[in-house]
Colleague: 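Shown below is the structure under consideration.
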Amino acid sequence: MILEVLTVALLSGAPDGGVTSEPVPDTSIERYRTPLEALTERPVGEASRAVRFDWRRSRVGFGVLASSLLELNNYSSFRIGGYVRKALGNIMLDAAVTYVFVWGSDATNKLALTPYRQFGRPQRLELDINVGYAIAEGVVTSRPGLLPAAQLVLTANAGVRYLFYPGGLAGVPGLDVAGALFAPRITDAEIKNLDKARLPAMQVDRARYSVLAGFTLDIYFRPGIAVTPRVLMAIPVFAGMQGAGLGWWWELSLGVGASL
């Protein structure tokens, strides 16, 4: 009899053999609960861009550059100068001032003995204004690891180039100099002055401006060293102008500088 009473008490969960009440649910964290439907609509994380050097936050960039022009004629041109650049989000603005050295070849001298002439441009000063848009970028490591990890940025570029020929405006009246400086076509007075500067068999191209487009690959190393190879193609926007005959031509350049 006593055994039966103990058994009933243990089964009922009460020491005195009575019947216990249902457990009271804990509602202290109820206000923090969120329905599953709401959780599935929320972002579970945020992906960040891998960055070795954040060029977008640099105040200014500057450096030196050198270029080779491939004008598809018998003249060789080499540019050297400096540039300055500024990033505005994904857009990169840059300006450059370069001097172009031009020389001929044995073919140039032989061509001068014939009635034929080739379009070309004598030694000159050039001013470039370019705008670029970053279309791809990422962090890379070199093999076999001789160089540190770098930030690579591929940029699509377009720009305008202004050409100034030293001595070209000699003897031109002062009132006409301002108009001649910005005219899209080189004046007859400049062509006459450049006759001494042009190379044998060269017919001076009369376009004062060039429109170029292409791609730039910026390679950034910490703490901001930048190596910048660039390839551009001249778009013959002024090809229909009288006395302009260079048409399409290429430019290969390399810049080395720093971003602060």
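Hydrogens, waters and symmetry mates play no part in the numbers below; they use all other heavy atoms, side chains included. Quick caveat, the model's predicted, so the values are computed rather than measured.
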Colleague: With sequence neighbours excluded, what pairs up with Leu181 under the side chain to side chain contact (heavy atoms under 4.5 Å, CB included) test?
Modeller: Tyr162, Phe164, Leu169, Val177

Colleague: Mark yes or no for whether Ser142, through its side chain, and Leu147, through its backbone, hold a donor-acceptor pair below 3.5 Å.
Modeller: yes

Colleague: Give me the atom names and distance for the closest heavy-atom approach of Ala149 to Val139.
Modeller: CB-CG1, 4.4 Å

Colleague: For a side chain to side chain contact (heavy atoms under 4.5 Å, CB included) check, start with the C-alpha distance between Lys196 and Asn193, then their side-chain angles and the critical distance, and finish with the verdict.
Modeller: CA-CA 7 Å; Lys196 298 178 181 179; Asn193 288 331; over 6 Å; no

Colleague: Got a donor-acceptor contact below 3.5 angstrom from the Arg121 side chain to the Tyr165 backbone?
Modeller: no

Colleague: Would you check if Ile135 and Phe215 make a side-chain contact, meaning some heavy-atom pair closer than 4.5 Å?
Modeller: yes

Colleague: Can you list the residues that meet the side chain to side chain contact (heavy atoms under 4.5 Å, CB included) rule with Leu70, with sequence neighbours excluded?
Modeller: Ser68, Trp250, Leu252

Colleague: Please tell me if the side chains of Val64 and Ile80 come closer than 4.5 Å, counting only heavy atoms from C-beta onward.
Modeller: no

Colleague: Should Val100 and Met202 be counted in the same cluster of Ile, Leu, Val, Met, Phe, Trp and Tyr side chains packed under 4.5 Å apart?
Modeller: yes

Colleague: Using side chain to side chain contact (heavy atoms under 4.5 Å, CB included) as the criterion, list what pairs up with Arg222, not counting sequence neighbours.
Modeller: Arg52

Colleague: Under a 4.5 Å cut-off applied to non-hydrogen side-chain atoms, are Leu163 and Ile186 in contact?
Modeller: no

Colleague: Could you report the tightest heavy-atom contact between Ser210 and Trp249, atom names first, then the distance?
Modeller: OG-CZ2, 3.9 Å

Colleague: Does some side-chain heavy atom of Leu69 sit less than 4.5 Å from a side-chain heavy atom of Tyr75?
Modeller: no

Colleague: Under the ring pair (Phe, Tyr, Trp, His ring centres under 6.0 Å) definition, can you give me all pairs with a residue in residues 131-150, not counting sequence neighbours?
Modeller: none

Colleague: Which atom pairs, one a donor and one an acceptor, fall under 3.5 Å between side chains of residues 229-239 and the rest of the protein, sequence neighbours left out?
Modeller:
residue	atom	partner	partner atom	Å
Arg230	NE	Thr216	OG1	2.6
Arg230	NH2	Asp94	OD2	3.3
Arg230	NH2	Thr216	OG1	3.4

Colleague: For the residue pair Gly245 and Asp205, what are the closest heavy atoms and their distance?
Modeller: N-OD2, 2.7 Å

Colleague: Any link between Ile219 and Val140 through a network of hydrophobic side chains (Ile, Leu, Val, Met, Phe, Trp, Tyr) touching at under 4.5 Å?
Modeller: yes

Colleague: Check for a donor-acceptor pair, side chain of Arg124 on one end and backbone N or O of Pro122 on the other, with a separation under 3.5 Å.
Modeller: yes

Colleague: Going by salt bridge (charged side-chain N to carboxylate O under 4.0 Å, His left out), name the pairs with one or both residues in residues 84-93, residues two or more places apart or in two chains.
Modeller: Arg85-Asp218

Colleague: Same hydrophobic cluster for Val60 and Leu88, using side-chain heavy-atom links shorter than 4.5 Å among ILVMFWY?
Modeller: no

Colleague: Search all heavy atoms of Leu199 against all heavy atoms of Gly104 and return the closest pair with its distance.
Modeller: CD1-N, 3.5 Å

Colleague: Calculate, to the nearest 0.5 Å, the distance between atoms CD and CG belonging to Glu137 and Leu152 respectively.
Modeller: 10.0 Å

Colleague: Listed by chain and number, what are the side chain to side chain contact (heavy atoms under 4.5 Å, CB included) partners of Asn74, not counting sequence neighbours?
Modeller: Ser105, Ala107, Thr108, Leu111, Gln118

Colleague: Where do Pro166 and Gln123 come nearest, in terms of heavy atoms and distance?
Modeller: CD-O, 4.1 Å

Colleague: More than 12 heavy atoms of other residues, nucleotides or ligands under 6.0 Å from CG of Leu260: yes or no?
Modeller: yes

Colleague: Does one hydrophobic cluster hold both Phe221 and Val51, with members joined at side-chain heavy-atom distances below 4.5 Å?
Modeller: no

Colleague: On a heavy-atom basis, which atom in Pro200 and which in Asn109 lie closest, and how many Å separate them?
Modeller: CG-OD1, 4.0 Å

Colleague: Could you work out the complete set of other residues in the hydrophobic cluster of Trp55, with links drawn between I, L, V, M, F, W and Y side chains under 4.5 Å apart?
Modeller: Phe53, Met92, Val153, Tyr220

Colleague: What residues, two or more places apart in sequence or in another chain, satisfy salt bridge (charged side-chain N to carboxylate O under 4.0 Å, His left out) together with Arg206?
Modeller: Asp188

Colleague: Identify, with sequence neighbours excluded, every residue that meets side-chain hydrogen bond (donor to acceptor under 3.5 Å, both in side chains) alongside Lys192.
Modeller: none

Colleague: Which ring pair (Phe, Tyr, Trp, His ring centres under 6.0 Å) pairs, counting each pair once, include a residue from residues 100-119, with sequence neighbours left out?
Modeller: Tyr99-Phe101

Colleague: Would you call Leu254 and Val227 a side-chain contact if the rule is heavy atoms closer than 4.5 Å?
Modeller: yes

Colleague: Going only through I, L, V, M, F, W and Y residues with side-chain contacts under 4.5 Å, is there a path from Val160 to Leu125?
Modeller: yes

Colleague: Once salt bridge (charged side-chain N to carboxylate O under 4.0 Å, His left out) is applied, what residue pairs with a partner in residues 251-260 remain, sequence neighbours excluded?
Modeller: Arg79-Glu251, Arg161-Glu251

